[in-house]
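To keep things clear, I will list the structure first and then write my remarks on it.
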Amino acid sequence: MTTQVPPRLTTTAGAPVTDNQNSLSAGPRGPLLMQDWQLLEKLAHQNRERIPERVVHAKGWGAHGTLKITGDISHLTCAKALQPDAETPLILRFSTVAGELGAADHERDVRGFAIKFYTEEGNWDLVGNNTPIFFVRDPLKFPDFIHTQKRHPRTNLRSATAMWDFWSLSPETLHQVTILFSDRGLPVSPMHMNGYGSHTFSLLNDAGERVWVKFHFKTRQGHRHYTNAEAVEVVGQTREGYQEALFAAIEAGEFPQWTMQVQIMTESQAETFPFNPFDLTKVWPHADFPVTDIGTLELNRNADNYFMEIEQLAMSPSNVVPGIGFSPDRMLQGRIFSYADAHRYRLGTHYEALPVNRPVCPVHNYHKDGAMRFLPPDTNPDAYYEPNSFAGPVETPSFREPPLPLDGPADRYDHRDGNDDFIQPRALFELFDEGQKARLCANIAAAMRTVPDAIAQRQIALFTRVHPEYGAGVQSARETLAKEG
Ligand code: NDP
């Protein structure tokens, strides 16, 4: 309730609306009149209230916040947002991957952990997940993988058979499958999980020297997870548990925080590292590449309008700033194309000019016109092409990155060659205590329940190659489930 004088209701063109309860009709029984523009506009707007939902990461929750740099990596990067004591505003969107916009929040799934930093040198988007790795290492496999996570074309149901068929034929997925079905596959809320930039990026200093980097965000709220049974109970009561928890915490002033960390690898270390360091199915072991704390990420302001600030939020790994660059990570290279392309389709050509996506620094380019071109041109109107003689914006060669070290002829390499898919899931399995191992195996057995035996056995053979105890554990959990009927 408010005592404020309400503003005048208007059409989209600003004309006063005289009656918002009754359509204009040719008498009390109708019919309605074509000239009732207010009615036509209202109905037309309702038809257009939805935009295409994201094919992946459709269901999301987010908030505004700040990154404060407390460490010193100024010898490694000239990025202004990563200099000691820098404070950068940001917006973070969490999400599930597979579920549609209306999916329940508490589903077992990887979570997106995507951050847009509004730096004075342009927007830096770190579009990560709550896991340090991913299912596949080649973007050519990504659409197939996502098809297995989505609905079957005939039944329109999600298909456990498709998921396990694909996974059992793609051993590089073992590491992520192990994380997904472990305790951390079902966080209690977005506050109770880590975030990872996952890919390898470059850090570049003033001298143009490169090191490779991975970014981690460690929760300060502690890890909390639900078991499958607990999640079923929660979803029975609310399908919006993440939105409720995140929104309420921030409204109450309980601002969630994460410690930002980096792992650094030199170019020469990368050459001798036994794995391909740019393989997204692998971590860099902490013992070899220790983490360094460099800052604090805090969420401290809810969006005022969910659609404008969270649904229209558009992030892409293509958005880097001076001092941060890419790497030969194949998945990163694929996402550099596909994320920006998804937003052009979902939001339109000029999506970067929407308020939530708009950089805080000046933007000057020669892109012209197109649907929803609503930023005023801020340069000399004669300078609408380049090069020109009218003081139009010019390039900055000093920000040029050193070339990426590339080797070999262009070819379609079989990435399984020399790439062990078992050592790292084994290292993870060996970290688990007996209870964690038992829950992992039970979660997998439950998820495989309807899968044809030949596919299940092919997958169990892969688990056995990770660790005999892992394969035997899943087999035994499967038999227990079968006995229970
Ligand atoms: P460490 O013992 O140094 O670190 C283990 C890591 O595992 C910690 O970062 C921990 O996160 C994380 N972890 C614990 N439980 C789980 C889980 N259920 N799902 C995902 N991560 C979990 O080991 P190494 O660096 O030698 O790596 C061993 C294995 O740990 C890897 O094969 C990988 O599976 C996993 N891991 C490694 C990471 C890395 O960057 N090296 C990052 C995350 C996982 P926390 O610190 O928050 O407790």
- Item | Ring-ring centroid check Phe215 His199, cutoff 6.0 Å | no
- Query: Is Glu395 atom CD crowded by more than 12 heavy atoms from other residues, nucleotides or ligands, each under 6.0 Å away?
  - Reply: no
- Would you mind checking if Glu100 and Arg151 are paired as a salt bridge, meaning a charged N to carboxylate O distance below 4.0 Å? yes
Distance-only donor-acceptor pairs under 3.5 Å for side chains of residues 42-51, two or more places apart:
from, atom 1, to, atom 2, distance (Å)
Lys42, NZ, Asn20, OD1, 3.0
Arg48, NH1, Ala44, O, 2.9

- Message: Between Phe94 and Phe113, is the ring-ring contact (aromatic ring centres under 6.0 Å, His included) condition met? List the steps.
- Response: CA-CA 5 Å; Phe94 308 97; Phe113 193 106; 5.4 Å; yes
- Any donor-acceptor pair under 3.5 Å from Asn357 side chain to Leu354 backbone: no
- Can you establish whether the number of heavy atoms outside Arg400 located under 6.0 Å from its atom CZ is more than 12? no
- Task: Classify the ring geometry between Phe278 and Trp212 as parallel (under 30°), tilted (30 to 60°) or perpendicular (over 60°).
- Result: perpendicular
- Task: Would you mind reporting whether Val360 and Glu120 have side-chain heavy atoms less than 4.5 Å apart?
- Result: no
- Item | CG-OG distance between Asn380 and Ser389, expressed to the nearest 0.5 angstrom | 11.0 Å
- Would you check if the side chain of Asn130 reaches a backbone N or O of Asn194 as a donor-acceptor pair within less than 3.5 Å? no
- Any side-chain heavy-atom pair of Ile133 and Val283 under 4.5 Å: yes
- For Thr131 and Ser198, which heavy atoms make the closest approach, and how far apart are they? O-OG, 3.0 Å
- Do other residues, nucleotides or ligands put more than 12 heavy atoms under 6.0 Å from the OH atom of Tyr345? no
- Message: Test of understanding: with salt bridge (charged side-chain N to carboxylate O under 4.0 Å, His left out), list the residues that count as partners of Asp183, not counting sequence neighbours.
- Response: Arg439
- Is a side-chain N or O of Thr11 found less than 3.5 angstrom from the main chain of Ala15, in a donor-acceptor match? yes
- Less than 4.5 Å apart, any side-chain heavy atom of Gln263 and any of His286? yes
- Item | Atom of Lys282, atom of Asn419 and distance for their closest heavy-atom approach | NZ-OD1, 3.2 Å
- Whether Tyr242 and His106 hold their rings parallel, tilted or perpendicular, with breakpoints at 30° and 60°: perpendicular
- Query: Just by distance, with hydrogens left out, do His64 and Glu309 show a side-chain donor and acceptor under 3.5 Å apart?
  - Reply: yes
- Rounded to the nearest 0.5 Å, what's the gap from CG on Leu299 to CD1 on Ile115? Could you check? 8.5 Å
- When you look at NE2 of His367, are more than 12 heavy atoms from neighbouring residues, nucleotides or ligands closer to it than 6.0 Å? no
- Message: Would you say that Leu203 contacts Leu82 through its side chain, given a criterion of any heavy-atom pair below 4.5 Å between the two side chains?
- Response: yes
- Note on the structure: In this structure, OG1 of Thr292 is separated from NE2 of His216 (nearest 0.5 Å) by 9.5 Å
- Message: Looking at Glu311 and Arg54, is there a salt bridge between them, counting it only when a charged N and a carboxylate O are closer than 4.0 Å?
- Response: yes
- Message: Just checking Lys218: does its NZ atom have more than 12 heavy atoms from other residues, nucleotides or ligands closer to it than 6.0 angstrom?
- Response: yes
- Task: For the pair Asn388 and Asp382, evaluate side chain to side chain donor-acceptor pair (under 3.5 Å) and give the outcome as yes or no after the intermediate values.
- Result: CA-CA 9 Å; Asn388 63 66; Asp382 293 327; over 6 Å; no
- Query: Can you list the steps and then say if Ile91 with Ile310 is a side-chain contact (heavy atoms from CB on, under 4.5 Å)?
  - Reply: CA-CA 9 Å; Ile91 186 162; Ile310 307 299; 4.1 Å; yes
- Item | Under the salt bridge (charged side-chain N to carboxylate O under 4.0 Å, His left out) test, residues paired with Lys59 that sit two or more places apart | Asp105, Glu240
- Atom CZ of Phe307 with >12 non-hydrogen neighbours under 6.0 angstrom: yes
- Query: Would you say the side chains of Asn300 and Thr66 form a donor-acceptor pair under 3.5 Å?
  - Reply: yes
- Query: At what distance, to the nearest 0.5 angstrom, does OG of Ser318 lie from CZ of Arg335?
  - Reply: 10.5 Å
- Query: Is there a donor-acceptor pair closer than 3.5 Å between any side-chain N or O of Lys141 and the backbone N or O of Phe135?
  - Reply: no
- Message: Going by the rule side chain to side chain contact (heavy atoms under 4.5 Å, CB included), which residues pair with Ser398 if we only count those two or more places apart in sequence or in a different chain?
- Response: Thr396
- Query: Would you say the side-chain atoms of Thr259 and Arg220 include a donor-acceptor pair closer than 3.5 Å?
  - Reply: yes
- Are any side-chain N or O atoms of Thr96 and backbone N or O atoms of Ala103, one a donor and one an acceptor, separated by less than 3.5 Å? no
- Check: His175 side chain, Thr281 main-chain N or O, donor-acceptor pair, under 3.5 Å: yes
- Message: I'd like to know if the side chain of Asp109 reaches the main chain of Val97, judged simply by a donor and an acceptor atom lying under 3.5 Å from each other, with no hydrogens or angles considered.
- Response: yes
- Message: For Tyr339 and His343, take the angle between the two ring planes, folded into 0 to 90°, and tell me which bin it lands in: parallel under 30, tilted 30 to 60, perpendicular over 60.
- Response: perpendicular
- Look at the side chain of Lys116 and the backbone N and O of Leu92, then say whether any donor-acceptor pair between them is shorter than 3.5 Å. no
- Message: Check whether Asp125 reaches the backbone of Val127 with its side chain - one donor and one acceptor, N or O, closer than 3.5 Å.
- Response: no
- Ring centres of Phe273 and Phe289 under 6.0 Å apart? yes
- Partners meeting salt bridge (charged side-chain N to carboxylate O under 4.0 Å, His left out) with Glu401 (sequence neighbours left out): Arg210
- Message: With a 6.0 Å cut-off (strictly less than), is the heavy-atom count around NE2 of His147, excluding the residue itself, greater than 12?
- Response: no
- What's the spacing between Thr77 OG1 and Gln83 CD if we round to 0.5 Å? 6.5 Å
- Residue pair Arg137 / Asp421: nearest heavy atoms and the distance that separates them: NH2-OD1, 2.5 Å
- Message: Can you tell me how far apart CE (Met331) and CZ (Phe142) are? Round to the nearest 0.5 Å.
- Response: 5.5 Å
- Between Glu121 and Cys361 the two heavy atoms that sit nearest each other are C-SG, 4.1 Å
- Item | Aromatic contact, Trp284 with Phe275 (centres under 6.0 Å) | no
- Query: Which residues pass the ring pair (Phe, Tyr, Trp, His ring centres under 6.0 Å) test with Tyr118, sequence neighbours left out?
  - Reply: none
- Which atom pair, heavy atoms only, marks the closest approach of Val320 to Pro317? CG1-O, 4.0 Å
- Message: Using modelled atom types and a 3.5 Å cut-off, is there a donor and acceptor pairing between side-chain atoms of Arg108 and backbone atoms of Leu180?
- Response: yes
- Will you find, in the side chains of Thr219 and Gln221, an N or O donor that is under 3.5 Å from an N or O acceptor? yes
